[in-house]
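Report on the following structure.
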Amino acid sequence: MGKLDGRVVLVTGAARGQGEQEARLFREEGAEVVVADVLDEQGRALAEEIGALYVHLDVGEEQQWQSAVTAAKDAYGRLDGLVNNAGILRFNTLVDTPLDEFMQVVRVNQVGCFLGIKSAAPELEDGGTIVNTASYTGMTGMAAVGAYAASKHAVLGLTRVAALELAPRGIRVNAVCPGAIDTAMSNPAHLDPAADSEGTARALDGLYRKLVPLGRIGRPEEVARLALFLTCADSSYITGQPFVIDGGWLAGVSVI
Ligand code: NAD
């Protein structure tokens, strides 16, 4: 028996990276999955491969959310889960960040998460789940990613409020807070078919050996397993919480 048998889950930003691994794992665990992204070619190919439904969804567009939720219900008759995974990262110090760039990050990471909750929650079955993707930088600061860190702190606020508001219907809302994970966001070699992304990941392990107690970058499959835990009945008494998955990075500073 799969942990998600009979459930229907929509995952945003699912064409690649962590969202892709979540879509794959959720299918393996018996869920019907809606793969949502703006990368139509990749998203469609993944959906075809794993037997899921693809929908084009720019998470910053409210109308597209309505269409995506309707498409999910038309295809599968119900909606039990949402993973707000889509996100973008921009590097700049705060004083050098143009307002447009700040708003672009907020639009996808924060507004996208808000619209996802707003659009999906009324349609979710009682006892459903929402998993929001925050970040290590939703829990602490990191220089040069101010817009991103602000938006991810906001995701935790949305998570807590949604958990309180949706608890009467048994809908649980939690957040994952990944540290550095080996996807295109942290390892752009994944975007270049000619690049040796495995080699780059090993090089990044070298960098993270100094920063992260477990001594390596995380894998998207590891985040997918946490998202599965928060989407299935194994986490039935957990709501409103951030879950850090960072190899110990946030545990503190080591002087040995
Ligand atoms: P990624 O760049 O591989 O994947 C992000 C996905 O989001 C892509 O498929 C992209 O097309 C999609 N996306 C971007 N804008 C969108 C929009 N407007 N509407 C719909 N989809 C959109 O990176 P990832 O690591 O898989 O990122 C997944 C989530 O994890 C993001 O929210 C990211 O902020 C978060 N995160 C990543 C890391 C990391 O180190 N990789 C660390 C902490 C948190």
Side-chain angles (χ1 to χ4, degrees), residues 10-25 34-47 54-65 67-68 82-91 101 103-116 119 131-140 142 145 147-156 158-159 175-192 197 200-201 204-205 207-208 211-212 216-224 226-227 242-247 249-250:
L10 188 153
V11 184
T12 69
R16 71 179 193 212
Q18 295 173 48
E20 174 187 344
Q21 294 307 324
E22 287 159 357
R24 287 182 183 281
L25 182 59
V34 182
V35 170
D37 209 299
V38 289
L39 297 175
D40 295 335
E41 203 177 318
Q42 267 175 274
R44 264 201 201 94
L46 174 68
Y54 177 73
V55 294
H56 177 92
L57 170 60
D58 177 342
V59 295
E61 293 292 325
E62 188 162 17
Q63 192 54 51
Q64 291 186 22
W65 268 107
S67 307
L82 168 67
V83 181
N84 277 317
N85 164 76
I88 59 172
L89 171 67
R90 297 288 180 270
F91 290 98
E101 182 178 297
M103 295 310 291
Q104 193 187 10
V105 171
V106 166
R107 179 182 171 278
V108 178
N109 297 1
Q110 180 176 338
V111 175
C113 183
F114 158 66
L115 287 177
S119 311
V131 176
N132 296 323
T133 305
S135 166
Y136 167 99
T137 63
M139 309 284 289
T140 189
M142 184 182 284
V145 296
Y148 183 82
S151 71
K152 294 300 190 179
H153 275 73
V155 167
L156 294 186
L158 288 167
T159 300
V176 295
C177 301
I181 307 297
D182 184 25
T183 66
M185 188 173 279
S186 288
N187 179 4
H190 285 289
L191 297 177
D192 177 1
S197 56
T200 328
L204 286 170
D205 282 347
L207 167 69
Y208 288 109
L211 294 173
V212 176
R216 63 173 176 83
I217 194 168
R219 310 292 168 197
E221 293 85 348
E222 295 175 306
V223 180
L226 177 56
F243 287 80
V244 176
I245 172 163
D246 70 345
W249 202 356
L250 261 185

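One-based numbering, in listed order, for ligands and for the atoms of each. Given the structure is predicted, the values throughout are model-derived calculations rather than measurements. The chain is numbered in sequence order, starting from 1.
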Response to the item:
With Pro220 as partner, the option from His190, Met185, Gln21 fulfilling side chain to side chain contact (heavy atoms under 4.5 Å, CB included) is Gln21
Practice prompt. Could you tell me which residues satisfy side chain to side chain contact (heavy atoms under 4.5 Å, CB included) with Val111, sequence neighbours excluded, listed by chain and number?
Written response: Val106, Leu115
Worksheet entry | Set of residues satisfying salt bridge (Lys or Arg N to Asp or Glu O under 4.0 Å) with respect to Asp37, sequence neighbours excluded | none
Worksheet item: At a 4.0 angstrom heavy-atom cut-off, what protein residues surround ligand 1?
Response: Gly13, Arg16, Gly17, Gln18, Asp37, Val38, Leu39, Leu57, Asp58, Val59, Asn85, Ala86, Gly87, Ile88, Val108, Thr133, Ala134, Ser135, Tyr148, Lys152, Pro178, Gly179, Ala180, Ile181, Thr183, Ala184, Met185, Ser186
Worksheet entry | Test side chain to side chain donor-acceptor pair (under 3.5 Å) applied to Arg216 - qualifying residues, sequence neighbours left out | Glu222
Worksheet item: Hey, is CE on Met142 packed in by over 12 heavy atoms from elsewhere, all under 6.0 Å?
Response: yes
Worksheet item: Where is the tightest heavy-atom contact between Ala134 and Cys177, given as atom of each residue plus distance?
Response: CB-SG, 4.0 Å
